[in-house]
Participant: 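Once you've had a glance at the structure underneath, I'll fire off some questions.
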2 protein chains.
Amino acid sequence: MTLHTDLTRNQSLVLGALERAEGPISAYAILDELRTDGLRAPLQVYRALDKLLDMGLAHRLETLNAFILCAHPHEHTSEIIAFAICETCRQVWEFSDDTVRERLIAWTQAQDFRPSRTTMEIKGQCRKCAA
Amino acid sequence: MTLHTDLTRNQSLVLGALERAEGPISAYAILDELRTDGLRAPLQVYRALDKLLDMGLAHRLETLNAFILCAHPHEHTSEIIAFAICETCRQVWEFSDDTVRERLIAWTQAQDFRPSRTTMEIKGQCRKCAA
DNA sequence: ATATAAATGTTATAGCATTACATGGCGAAC
DNA sequence: GTTCGCCATGTAATGCTATAACATTTATAT
Ligand SMILES: [Zn+2]
Ligand SMILES: [Zn+2]
Ligand SMILES: [Zn+2]
Ligand SMILES: [Zn+2]
């Protein structure tokens with residue numbers, strides 16, 4: 001895990017945009033946020049995002065084509081993370097479950113499948129929006 | 001679940017392309033396959049795919065932006081399906097695990113979250129490609 | 001200082017998905 | 001049998017997401 005202060009200028013800018021977003025945000029939306037800071041091309045955002053993902057500071061939500069600040073200060077590179085995504089208010093909950101992790105690892109080991117990255121995303125409605 | 005014979009012409013064409021693919025295939029690749037059959041626009045493919053997904057005959061792989069024929073003849077609209085995707089040979093294994101399903105449902109119920117659709121995709125290397 | 005790796009800037013392009021609108025087919029209601 | 005409503009289709013245009021390719025600059029190590 002890399003410290004906040006290790007970030008380059010572009011990485012800090014993108015991280016700041018993720019923090020302000022308080023929810024999932026697309027790379028292009030991040031770019032629009034940061035045009036006033038001098039960013040001009042999508043690649044500048046995508047490159048910064050790649051590093052932030054590597055550092056575990058942000059996550060990519062595959063079903064939204066969007067990115068979100070990691071909800072946990074701790075490291076979880078070896079964890080299997082799940083996201084619950086409210087389709088109404090777009091709020092996201094990040095969690096992990098050891099039993100789920102064990103079962104998925106059991107399946108992969110039985111098949112001699114070597115996992116590199118796992119995506120788990122539950123779309124639905126949160127308590128507030130379902131009421 | 002809808003029967004094979006209920007399919008419209010475009011839906012049958014797209015299903016045929018999925019069957020011939022024997023693996024994940026993008027909507028645009030399907031379109032290219034079906035140009036000789038008269039299809040011309042992406043929307044024709046996407047509309048057919050939407051129906052096939054609804055019927056449970058095909059699945060969308062979010063991490064690949066691709067689609068694949070359902071591996072199981074039975075219905076599993078209420079199941080939570082997982083996919084193991086080999087990043088080398090692109091082969092895909094479709095499976096489900098009751099314990100995983102229970103744990104995810106337990107989490108959502110505890111949060112009063114009402115799930116509508118769950119995505120689980122494990123990227124990695126299959127037995128053959130990891131050897 | 002020099003070599004090496006990492007990050008950046010810029011343009012262009014590739015790939016994926018939907019909006020909008022017009023048309024056609026087919027069964028139910030009348 | 002005609003009218004209506006529904007579903008599928010056809011077509012063009014557009015929007016959104018992501019990467020390739022290449023040149024340049026900046027940081028790091030020896
Ligand atoms: Zn996290
Ligand atoms: Zn909500
Ligand atoms: Zn299936
Ligand atoms: Zn393989």
Side-chain angles (χ1 to χ4, degrees), chain A residues 2-18 21 23-55 57-68 85 87 90 117 119 121 123, chain B residues 2-18 21 23-55 57-68 85 87 90 117 119 121 123:
Chain A
T2 308
L3 292 177
H4 216 287
T5 51
D6 292 329
L7 300 179
T8 66
R9 168 175 163 81
N10 285 2
Q11 290 160 16
S12 292
L13 287 172
V14 170
L15 184 61
L18 289 170
I25 181 173
S26 76
Y28 276 75
I30 292 172
L31 176 58
D32 286 340
E33 284 266 317
L34 297 178
R35 286 193 190 281
T36 55
D37 295 291
L39 291 210
R40 304 184 176 200
L43 202 47
Q44 294 175 294
V45 174
Y46 280 110
R47 287 200 277 228
L49 282 170
D50 282 344
K51 298 300 177 184
L52 296 176
L53 296 181
D54 281 348
M55 297 175 195
L57 295 177
H59 299 293
R60 172 176 165 78
L61 299 174
E62 298 287 349
T63 60
L64 293 180
N65 290 328
F67 302 85
I68 191 167
I85 303 168
E87 291 170 308
R90 291 215 124 198
R117 188 182 169 239
T119 297
E121 298 179 18
K123 293 277 196 74
Chain B
T2 309
L3 292 179
H4 217 287
T5 50
D6 292 329
L7 300 179
T8 66
R9 168 175 164 80
N10 285 3
Q11 289 161 15
S12 292
L13 287 171
V14 169
L15 185 61
L18 289 171
I25 181 173
S26 77
Y28 276 72
I30 292 172
L31 176 58
D32 287 339
E33 284 265 316
L34 298 178
R35 286 194 190 280
T36 56
D37 296 289
L39 292 210
R40 304 184 176 199
L43 200 49
Q44 294 174 295
V45 174
Y46 281 110
R47 286 198 278 226
L49 282 170
D50 282 345
K51 298 300 177 185
L52 295 176
L53 296 181
D54 281 348
M55 297 176 195
L57 296 177
H59 299 295
R60 171 175 166 81
L61 298 174
E62 298 286 349
T63 60
L64 293 180
N65 290 328
F67 303 85
I68 190 167
I85 303 168
E87 291 170 309
R90 292 214 124 200
R117 189 183 168 238
T119 297
E121 299 179 18
K123 292 277 197 74

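Only this structure's heavy atoms are used, side chains among them; waters, hydrogens and symmetry mates stay out. We name chains A, B, ... by the order of the sequence lines, and we start the count at 1 in each one.
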Participant: Quick one: list whatever passes side-chain hydrogen bond (donor to acceptor under 3.5 Å, both in side chains) with A/N10, sequence neighbours left out.
Facilitator: none
Participant: Could you list the residues that satisfy side chain to side chain contact (heavy atoms under 4.5 Å, CB included) with B/A27, not counting sequence neighbours?
Facilitator: B/V45, B/Y46, B/L49, B/F67
Participant: Ignoring hydrogens, what is the shortest heavy-atom contact between B/L53 and B/A58? Give both atom names and the distance.
Facilitator: CD2-O, 3.2 Å
Participant: What pairs with A/T63 under side-chain hydrogen bond (donor to acceptor under 3.5 Å, both in side chains), at least two apart in sequence or on another chain?
Facilitator: A/E121
Participant: Has B/Q44 got a side-chain N or O lying under 4.0 Å from the OP1 or OP2 atom of D/dT9?
Facilitator: no
Participant: Rounded to whole angstrom units, what separation is found between the CG atom of B/N10 and the P atom of D/dT11?
Facilitator: 11 Å
Participant: Any side-chain N or O of A/S26 under 4.0 Å from OP1/OP2 of D/dT17?
Facilitator: yes
Participant: With sequence neighbours left out, what residues match B/A41 under side chain to side chain contact (heavy atoms under 4.5 Å, CB included)?
Facilitator: B/Q44
Participant: On DNA chain C, reading 5' to 3', which nucleotide is the first and which the last to sit with an atom under 4.0 Å from a heavy atom of chain B, could you check?
Facilitator: C/dC16 to C/dA20
Participant: Please work out which residues in residues 30-39 of chain B have a non-hydrogen atom less than 4.0 Å from an atom of DNA chain D and list them by number.
Facilitator: none
Participant: Going by the rule side chain to side chain contact (heavy atoms under 4.5 Å, CB included), which residues pair with A/D50 if we only count those two or more places apart in sequence or in a different chain?
Facilitator: none
Participant: Evaluate the side-chain proximity of B/L57 to B/L7: yes if any heavy-atom separation is below 4.5 Å, no if none is.
Facilitator: yes
Participant: Sequence neighbours excluded, which residues qualify as side chain to side chain contact (heavy atoms under 4.5 Å, CB included) partners of A/R90?
Facilitator: A/L64
Participant: Not counting sequence neighbours, which residues clear salt bridge (charged side-chain N to carboxylate O under 4.0 Å, His left out) with B/D32? List them please.
Facilitator: B/R35
Participant: Are there any protein N/O atoms within less than 3.5 Å of an N/O atom in nucleotides 18-28 of chain D, and if so, which ones and at what distance?
Facilitator:
{"unit_1": "D/dA18", "atom_1": "OP1", "unit_2": "A/R60", "atom_2": "NH1", "d": "2.7"}
{"unit_1": "D/dA18", "atom_1": "OP1", "unit_2": "A/R60", "atom_2": "NH2", "d": "2.5"}
{"unit_1": "D/dA18", "atom_1": "OP2", "unit_2": "A/Y46", "atom_2": "OH", "d": "2.9"}
{"unit_1": "D/dA18", "atom_1": "O5'", "unit_2": "A/Y46", "atom_2": "OH", "d": "3.4"}
{"unit_1": "D/dA18", "atom_1": "N7", "unit_2": "A/Y28", "atom_2": "OH", "d": "2.7"}
{"unit_1": "D/dA18", "atom_1": "N6", "unit_2": "A/Y28", "atom_2": "OH", "d": "3.2"}

Participant: Output the distance between atom CG (A/L61) and atom CD1 (A/I25), rounded to the nearest 0.5 Å.
Facilitator: 12.0 Å
Participant: Any chance you could measure B/I30, atom CD1, to B/L18, atom CG, to the nearest 0.5 Å?
Facilitator: 4.5 Å
Participant: Are any of the side-chain heavy atoms of B/K123 and A/T119 separated by less than 4.5 Å?
Facilitator: no
Participant: Excluding sequence neighbours, so at least two apart, what forms salt bridge (charged side-chain N to carboxylate O under 4.0 Å, His left out) with B/R117?
Facilitator: B/E62
Participant: What's the angle between the local helix axes at either end of the helix from C/dA1-D/dT30 to C/dC30-D/dG1, using five pairs per end and rounding to 10 degrees?
Facilitator: 30°
